[in-house]
Amino acid sequence: MGEIFKGISKVKFEGAKSTNVLAFKYYDPERVVLGKKMSEHLPFAMAWWHNLCAIGADMFGRGTADKHFGVKEGTMEHAKAKVDAGFEFMEKLGIKYFCWHDVDLVPEDADINVTNKRLDEISDYILEKMKGTDIKCLWGTANMFSNPRFCNGAGSTNSADVFAFAAAQVKKALDITVKLGGKGYVFWGGREGYETLLNTDMKFEQENIARLMRMAVDYGRKIGFKGDFYIEPKPKEPMKHQYDFDAATAIGFLRAHGLDKDFKLNIEANHATLAGHTFEHDLRVSAINGMLGSVDANQGDSQLGWDTDEFPFDVYTATMCMLEIIRAGGMTGGLNFDAKNRRPSYTVEDMFAGYILGMDTFALGLLNAAAIIEDGRLDKFVEERYASYRDTEIGKKIVGGKTNLEELADYASKLKAPAMPGSGKQEVLESIVNSVLFGNK
Ligand code: XLS
Ligand code: NI
Ligand code: NI
């Protein structure tokens with residue numbers, strides 16, 4: 001197939017002053033930041049589903065975008081055209097990774113054997129396309145939420161037959177992930193939760209999810225999958241309540257079921273905010289538990305209560321995200337744009353503009369995070385904030401586990417003035433962040 005995105009050439013870095021819609025203003029892949037190239041700090045990935053499949057349909061209206069790519073949808077020709085389009089898109093933007101669900105790659109048939117044959121065929125085609133490029137598979141996953149059979153979940157379903165079907169999809173998705181050299185395999189528990197507790201055995205459902213994950217680990221390791229499994233927490237939507245509510249809940253679940261050695265977390269910005277957290281909160285929770293695996297880079301809308309999957313635009317949030325990632329020493333995964341254009345932005349130029357916005361926002365986030373680290377005032381403040389545990393005898397005893405309630409009560413009773421912990425200086429720190437970010441204006 002010939003060029004699909006005609007009239008759009010390779011997107012280049014032109015700098016902040018550029019007014020070219022189809023140029024990077026901040027993302028300069030070769031620029032070195034904190035000793036590493038921007039492109040290494042920012043392993044961007046394309047999400048097959050939003051970029052190549054979604055046409056902007058919502059529950060009130062049909063699609064606005066045309067993703068035929070010149071052939072009839074729902075056919076293998078179309079599946080291949082999406083591969084062609086995806087690779088051209090990634091090459092034009094300099095994106096090195098892609099992520100997919102099984103049903104993003106091929107049309108799903110009522111007979112799983114037919115679907116699986118199609119997956120074999122398309123993965124051969126993708127492998128062929130990958131040759132001669134440096135584009136890699138970041139992660140794969142099975143869509144266990146769209147088909148009506150999964151209305152009560154996959155691992156959490158009440159039906160053993162549906163559970164078996166989910167297992168069959170996971171097995172095949174793992175085969176394809178390994179075949180494509182994927183770095184990770186994701187479980188997003190899209191319907192692993194409940195609508196009402198009145199009909200739900202929560203304990204049993206959670207144990208069954210763990211059983212499915214354990215089988216996935218066993219099978220994956222058997223077929224040579226060396227990467228990480230990821231849970232992608234999300235508190236709700238489509239279900240009223242989802243068991244992988246947030247990072248802390250998912251980590252507790254993984255530990256309770258002995259899955260924490262094989263799994264890390266894939267943190268999505270808009271899911272963290274749906275859980276009532278900031279993006280950086282869930283990144284921090286993952287990082288301090290050694291479980292920061294990968295990121296679904298998008299953003300939500302504070303006025304809307306669902307997963308709007310917008311391209312990242314909020315530079316403060318991208319800055320905080322990159323601070324967490326850098327402080328964690330990086331991740332095994334990447335930054336997957338689980339993001340879609342707004343429904344009225346339906347042109348091909350908009351597809352590119354969405355990724356350019358996201359990549360530039362994260363480039364700014366990286367530059368800002370590096371500047372905050374180099375400035376050092378924030379890190380120094382946090383270090384000094386806990387200095388009493390480092391510098392005083394009683395503090396050292398507490399941290400060293402060498403004291404007890406009796407000794408501490410005795411110590412407290414002899415304190416002359418009521419103990420005050422020192423100012424948290426939030427406003428001072430926020431002001432420092434602004435001056436580092438915006439400098440002389
Ligand atoms: C949906 C999720 C989904 C996962 C992959 O909200 O973000 O897109 O990333 O199944
Ligand atoms: Ni996601
Ligand atoms: Ni999401």
Side-chain angles (χ1 to χ4, degrees), residues 43-54 56-59 97-105 108 137-147 150 153-156 166 169-170 172-174 176-177 182-193 209 212-213 216 228-247 250 263-277 279 282-283 286 292-301 304-312 317 321 331 333-342 354 358:
F44 293 127
M46 180 193 75
W48 214 268
W49 53 104
H50 284 311
N51 202 44
L52 304 172
C53 310
D58 65 20
M59 50 230 233
Y97 294 98
F98 60 91
C99 303
W100 49 271
H101 301 83
D102 44 6
V103 304
D104 307 333
L105 300 181
E108 192 182 9
C137 170
L138 186 65
W139 52 256
T141 187
N143 176 325
M144 304 191 293
F145 44 88
S146 294
N147 194 298
F150 295 122
S156 68
Q169 268 187 258
V170 171
K172 190 66 186 176
L174 271 165
I176 305 295
T177 302
K183 292 178 81 172
Y185 183 87
V186 164
F187 279 90
W188 170 57
R191 293 190 194 269
E192 309 290 35
I209 295 171
L212 183 60
M213 290 181 173
D228 287 318
F229 288 87
Y230 300 129
I231 281 188
E232 182 179 322
K234 185 177 184 182
K236 56 187 168 192
E237 195 213 11
M239 295 303 251
K240 171 190 167 63
H241 178 91
Q242 280 160 204
Y243 297 133
D244 307 326
F245 194 88
D246 60 1
F263 273 81
K264 289 190 167 69
L265 301 186
N266 180 37
I267 298 300
E268 177 164 322
N270 204 166
H271 296 183
T273 51
L274 282 179
H277 304 307
F279 184 20
D282 258 19
L283 292 168
S286 310
L292 178 53
S294 202
V295 163
D296 270 10
N298 61 13
Q299 74 176 46
D301 183 312
L304 302 176
W306 61 91
D307 198 10
T308 58
D309 286 347
E310 296 172 35
F311 282 99
T317 301
C321 167
M331 318 180 279
L335 297 162
N336 169 46
F337 287 115
D338 195 350
K340 60 185 181 216
N341 289 108
R342 296 307 86 196

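Counting starts at 1 for both ligands and their atoms, following the listed order.
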How long is the span from the NZ atom in Lys340 to the SG atom in Cys53, to the nearest 0.5 Å? 12.5 Å
Looking at atom 8 (O) of ligand 1, what's its closest protein heavy atom, distance included? Asp338 OD2, 2.9 Å
What residue among Ile267, Leu138, Leu335, Asp228 forms side-chain contact (heavy atoms from CB on, under 4.5 Å) with Ser294? Leu138
Taking N or O atoms only and a 3.5 Å limit, does [X] qualify as a polar contact for ligand 1?
X	result
Trp188	no
His271	yes
Glu268	yes
His101	yes

Could you please give the number of protein N/O/S atoms within less than 2.8 Å of the Ni ion (ligand 2)? 4
Over 60° means perpendicular and under 30° means parallel, so classify the ring planes of Phe245 and His241, tilted if in between. parallel
For the pair Phe337 and Phe311, name the ring-plane relationship: parallel under 30°, tilted 30 to 60°, perpendicular over 60°. tilted
Less than 6.0 Å separating the ring centroids of Phe263 and Phe229? yes
At less than 4.0 angstrom from any non-hydrogen atom of Asp296, what atoms of ligand 1 do you find? 9 (O)
A student checking ligand 1 against Glu232 at a 4.0 Å heavy-atom cut-off should list atoms 2 (C), 3 (C), 4 (C), 5 (C), 7 (O), 9 (O)
Charged N to carboxylate O below 4.0 Å: is that the case for Asp102 and Lys172? no
Can any side-chain N or O of Asp244 pair as donor or acceptor with the backbone N or O of Ala250 at less than 3.5 Å? no
Check if Asp307 has a non-hydrogen atom at a distance under 4.0 Å from any atom of ligand 1. yes
When you look for heavy atoms under 4.0 Å from ligand 1, do you find them on the side chain of Glu237, its backbone, both, or neither? neither
